[in-house]
Q: 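Quick one: the structure is below, and I'll ask about it shortly.
Remember, it's a predicted structure, so these values are computed and weren't measured experimentally. In each ligand, atom 1 is the first atom listed, and ligand 1 is the first ligand listed.
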Amino acid sequence: SQATVAQWQDRKFGMFIHFGLFSEFGGVYHGKQIDNGYSEQIMANAPIPVEEYAAAAQTFNPTKWDPDAIVALAKAAGMKYIVITSKHHDGFNMFATAQTRYNIVDATPYHRDIVKELSEACRRGGLAFGVYYSSIDWHQPGLDHYIEGNSNPLSDEHARFNAAQLRELLSHYGPISEIWFDMGKPTPEQSNLFATTVHKLQPQAMVSGRVWNYQGDFTVMGDNQVPEYGIDEPWQTPASIFGETWGYRSWQKRENVDGKIQENILKLVQVVSRGGNYILNIGPEGDGSVVPYEAEVLRGVGAWLKPNGEAI
Ligand code: JFZ
């Protein structure tokens with residue numbers, strides 16, 4: 001409905017979190033810095049054999065993950081919502097899913113539902129909560145892995161698996177503000193299955209345009225892309241602080257924090273003044289801790305936004 005869309009648009013500024021099994025690698029494989037793509041896609045970029053990648057779950061134990069501190073950071077930045085990767089292209093699930101044991105609760109020593117605990121922290125802190133959900137899954141049996149997997153149509157079995165996971169995400173985590181679908185090449189029927197599955201269970205949940213086939217509720221701009229002028233539909237610009245990665249990269253150069261703060265204030269003002277929604281990413285480390293540089297950037301944006309936010 002119009003009210004739902006207006007509510008989503010009014011939030012204007014949110015936190016994106018790319019956190020998953022890939023965070024444990026931090027952009028490094030067998031001692032080598034993997035620099036030919038985003039670090040959250042290291043499985044495909046290195047490449048890492050499926051079994052070897054999956055074995056990393058046995059030591060994935062993000063004990064420094066603190067959802068209330070993340071919510072406090074988002075609020076200090078002036079953000080109104082958080083969207084976290086429930087499942088990225090590697091197929092590893094950061095929530096308790098009954099569809100596969102390849103998830104944070106069943107396959108790691110951590111045994112806790114990251115998505116659940118963040119959803120509850122958001123509720124406590126008064127922030128809206130949404131999830132990123134990758135339609136492609138390099139862990140699916142029989143799937144042509146990696147790059148081929150990015151563009152191949154989904155099998156009907158895989159589409160049913162995704163729909164079952166969507167029902168879980170929409171049933172067990174309270175109100176969901178948006179489902180950030182990404183990538184894959186679903187058929188029109190599959191895109192429709194995903195969008196209607198969302199809307200049936202939570203009519204207010206906004207579906208990202210990357211569900212494809214015109215089934216989305218909002219348009220996602222290219223990463224870090226700010227359009228020259230407003231458009232007559234709900235839209236969002238996703239931005240990563242470094243441009244080259246969304247997931248944690250241990251060897252990332254982190255320079256000129258003041259410049260980075262200015263850059264993000266400018267993008268935020270451009271996006272919001274043109275009617276869009278700005279979602280700025282952090283990529284926590286494998287132990288769950290927030291990268292100090294990223295926290296500094298967010299706090300810097302918030303320090304400017306507090307006295308000036310009303311004007312935009
Ligand atoms: C996708 C993912 O593949 C990536 O790992 C990350 O999660 C990012 C937020 O989304 O990458 C894309 C998808 C679409 C565009 C650019 C990067 N695009 O349309 O410009």
Q: When you look for protein heavy atoms under 4.0 Å from ligand 1, which residues do they belong to?
A: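 Residues near ligand 1: His18, Tyr38, Glu40, Gln41, His88, His89, Tyr132, Asp182, Met183, Arg210, Gly222, Asp223, Trp246.
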Q: Could you label the plane-to-plane angle of the Phe22 and His18 rings as parallel, tilted or perpendicular, counting under 30° as parallel and over 60° as perpendicular?
A: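 Judged by the thresholds at 30° and 60°, the geometry between Phe22 and His18 is tilted.
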Q: Quick one: hydrophobic cluster around Trp180, which other residues, with the 4.5 Å side-chain cut-off, linked directly or via members?
A: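 For the cluster that includes Trp180, the remaining residues are Val5, Trp8, Phe16, Tyr38, Tyr81, Val83, Tyr132, Met206, Phe218, Val220, Trp246, Ile279.
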Q: Relative to each other, are the rings of Trp65 and Phe19 parallel, tilted or perpendicular (30° and 60° limits)?
A: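 Ring orientation, 0 to 90° scale: parallel.
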Q: Taking the six-membered ring of Tyr173 as reference, does the NZ or CZ atom of Lys116 fall below 6.0 Å from its centre and within a 45° cone about the axis?
A: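 Judged by the rule, Lys116 and Tyr173 form a cation-pi pair.
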Q: Are the side chain of Thr237 and the backbone N or O of Asn224 linked by a donor-acceptor pair below 3.5 Å?
A: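 Looks like no, no N/O pair under 3.5 Å.
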Q: Please say whether more than 12 non-hydrogen atoms of neighbouring residues, nucleotides or ligands are located less than 6.0 Å from NZ in Lys12.
A: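 At most 12 heavy atoms, drawn from other residues, nucleotides or ligands, come within 6.0 Å of this atom.
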